[in-house]
Amino acid sequence: MDLLAPGGPVAEQAAAAGIRVERDGRRLTVTLARPDRRNAMTPATWRALAAVGDAVPGSDVAVVVLRAEGPSFSAGLDRGMFGEGTDGEPGLARLAALPPAEIDAAIAGFQRGFSWWREVDAVSIAAVGGHAVGGGFQLALACDLRVLADDAALAMREPSLGIVPDLGGTSPLVRTVGYSRALEICATGRWVGAQEAAALGLAEVVVARAELDAAVDDLAGALLAAPQGALAATKHLLAGALDRSPVDQRAAERAAQVPLLRRQLGGHLGRHPDGS
């Protein structure tokens with residue numbers, strides 16, 4: 001059963017949270033589709049994203065594209081959450097009143113909507129145009145690759161609101177731009193424009209807004225042209241490279257290569273080099 005099929009439970013949950021999920025062969029496109037709210041997020045958004053992530057392993061999805069409708073990628077947390085709540089979701093005051101262990105468990109559940117983009121075998125691409133604020137910035141950071149429109153503007157506003165970025169964005173931000181720059185970006189809450197983002201390594205490419213979808217399609221097509229097993233193995237090798245010693249990284253390369261060699265050349269195993 002294809003859990004990501006149109007009309008299926010995952011697609012329905014996503015649609016109820018303002019997210020559209022579409023399959024096209026081995027490509028999955030996840031679209032934030034609340035343009036009237038600038039794709040502001042609630043816990044329902046994060047639960048739906050987590051459900052999509054749960055359905056990706058075991059499928060034949062090789063590339064996941066994250067995009068957004070409207071002028072903004074995402075304005076971050078819906079401001080209604082700082083009051084009584086919105087769209088049937090209770091406000092953050094309700095969360096803050098829980099015992100610490102329950103708050104921790106709730107936030108861990110929210111983080112699941114962000115963590116899977118780098119954990120799955122599929123390569124994820126964020127197509128970012130307009131504002132990506134707070135949780136929106138962290139969602140873009142959750143992806144393996146980012147293509148930015150020239151009007152993109154990123155900001156981590158949580159410290160300015162008296163809280164911290166807690167949706168998994170701190171690690172990829174520091175890994176990409178370094179501790180000092182990450183601290184400056186977060187502590188000031190300032191805007192990072194598209195060109196600066198590219199210079200800092202936060203974007204693979206910057207294109208005109210009108211060319212954003214086409215640029216992402218080109219990148220996704222290039223990724224889909226690679227054998228899926230080799231693509232997934234390379235992703236995980238590179239993702240873990242900074243956490244391994246050089247010796248351990250070489251061992252990881254060997255371990256990844258053996259099954260790929262056997263898969264690619266299995267029909268030739270046992271043959272003499274002269275073909276006999």
Side-chain angles (χ1 to χ4, degrees), residues 2-4 10-11 14 17 19-33 39 41 45-69 73-74 110-129 132 135-149 152 154 165 167-176 197-198 201-207 212-242:
D2 183 1
L3 297 176
L4 295 167
V10 173
I19 299 169
R20 190 168 61 254
V21 178
E22 300 165 295
R23 281 287 302 268
D24 182 9
R26 294 186 296 125
R27 169 176 166 168
L28 180 71
T29 301
V30 179
T31 303
L32 305 179
N39 299 311
M41 301 177 177
T45 311
W46 304 331
R47 290 193 296 268
L49 290 173
V52 174
D54 288 343
V56 170
S59 71
D60 64 347
V61 170
V63 173
V64 184
V65 172
L66 171 66
R67 59 181 300 276
E69 289 184 352
F73 179 74
S74 174
F110 302 158
Q111 291 171 335
R112 288 183 54 246
F114 293 71
S115 60
W116 67 265
W117 300 86
R118 290 187 183 230
E119 293 172 353
V120 296
D121 288 346
V123 176
S124 54
I125 308 168
V128 182
F137 189 4
Q138 293 184 77
L139 187 56
L141 286 168
C143 293
D144 297 307
L145 305 171
R146 282 160 295 283
V147 178
L148 267 57
L154 318 175
L167 296 170
T170 56
S171 178
L173 183 62
V174 171
R175 283 174 177 263
T176 302
L202 290 168
E204 276 54 64
V205 65
V206 175
V207 299
L212 181 60
D213 288 340
V216 171
D217 289 345
D218 287 346
L219 178 55
L223 293 170
L224 289 167
Q228 189 165 348
L231 182 65
T234 300
K235 165 180 169 169
H236 292 306
L237 271 176
L238 296 174
L242 294 178

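Not measured: the values here are computed from a predicted model.
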Exercise. Residues in salt bridge (Lys or Arg N to Asp or Glu O under 4.0 Å) with Asp144, at least two apart?
Worked result: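 With sequence neighbours excluded, Asp144 shows a salt bridge (Lys or Arg N to Asp or Glu O under 4.0 Å) to Lys235, given in chain and number order.
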Exercise. With sequence neighbours excluded, what pairs up with Glu204 under the salt bridge (Lys or Arg N to Asp or Glu O under 4.0 Å) test?
Worked result: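 Once residues adjacent in sequence are excluded, Glu204 has no partner under the salt bridge (Lys or Arg N to Asp or Glu O under 4.0 Å) criterion.
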Where [X] and [Y] come nearest, the two heavy atoms and their spacing:
| X | Y | result |
| --- | --- | --- |
| Val10 | Ala55 | CG2-CB, 4.1 Å |
| Ala142 | Ser124 | O-OG, 4.4 Å |
| Phe73 | Ala132 | CD2-CB, 3.8 Å |
| Gly129 | Ala149 | CA-CB, 3.9 Å |
| Ala203 | Val206 | CB-CG2, 4.5 Å |
| Leu212 | Leu148 | CD1-C, 4.1 Å |

Hey, what do you get for [atom1] ([X]) to [atom2] ([Y]), rounding to the nearest 0.5 Å?
| X | Y | atom1 | atom2 | answer |
| --- | --- | --- | --- | --- |
| Leu4 | Asp54 | CG | CG | 10.5 Å |
| Asn39 | Thr45 | CG | OG1 | 9.0 Å |
| Leu202 | Leu141 | CG | CG | 6.5 Å |

Taking [X] for the side chain and [Y] for the main chain, is one N or O donor matched with an acceptor at less than 3.5 Å?
| X | Y | answer |
| --- | --- | --- |
| Gln138 | Gly169 | yes |
| Asp121 | Pro57 | no |
| Arg47 | Phe110 | no |
| Arg146 | Ala198 | no |
| Trp116 | Leu49 | yes |

Result block: side-chain N/O donor-acceptor pairs under 3.5 angstrom for residues 60-68, not counting sequence neighbours:
from: Asp60; atom 1: OD1; to: Arg23; atom 2: NH2; distance (Å): 2.6
from: Arg67; atom 1: NH1; to: Thr31; atom 2: OG1; distance (Å): 3.4

Exercise. Which residues pass the side-chain hydrogen bond (donor to acceptor under 3.5 Å, both in side chains) test with Thr170, sequence neighbours left out?
Worked result: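 Thr170 satisfies side-chain hydrogen bond (donor to acceptor under 3.5 Å, both in side chains) with no residue once adjacent residues are dropped.
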Exercise. Do we see a donor-acceptor contact under 3.5 Å between the side chains of Arg27 and Thr29?
Worked result: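 Yes, because at least one side-chain N or O of Arg27 sits under 3.5 Å from a partner of the opposite role on Thr29.
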For this session: List for me each residue that meets side chain to side chain contact (heavy atoms under 4.5 Å, CB included) alongside Ala51, sequence neighbours excluded, and say none if there are none.
Result: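 Applying side chain to side chain contact (heavy atoms under 4.5 Å, CB included) to Ala51 gives Gln13.
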Exercise. Which residues satisfy the side chain to side chain contact (heavy atoms under 4.5 Å, CB included) test with Arg175, sequence neighbours excluded?
Worked result: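 With neighbours one apart ignored, the set is Ser171, Leu242, Asp243.
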Exercise. Could you go step by step and tell me if Val123 and Leu145 meet the side chain to side chain contact (heavy atoms under 4.5 Å, CB included) rule?
Worked result: CA-CA 8 Å; Val123 176; Leu145 305 171; 4.0 Å; yes
Considering only heavy atoms from C-beta outward, does the side chain of [X] approach that of [Y] to under 4.5 Å?
| X | Y | result |
| --- | --- | --- |
| Leu219 | Val205 | no |
| Leu167 | Leu139 | no |
| Val30 | Trp117 | yes |
| Ser59 | Arg26 | no |
| Ser74 | Met41 | yes |

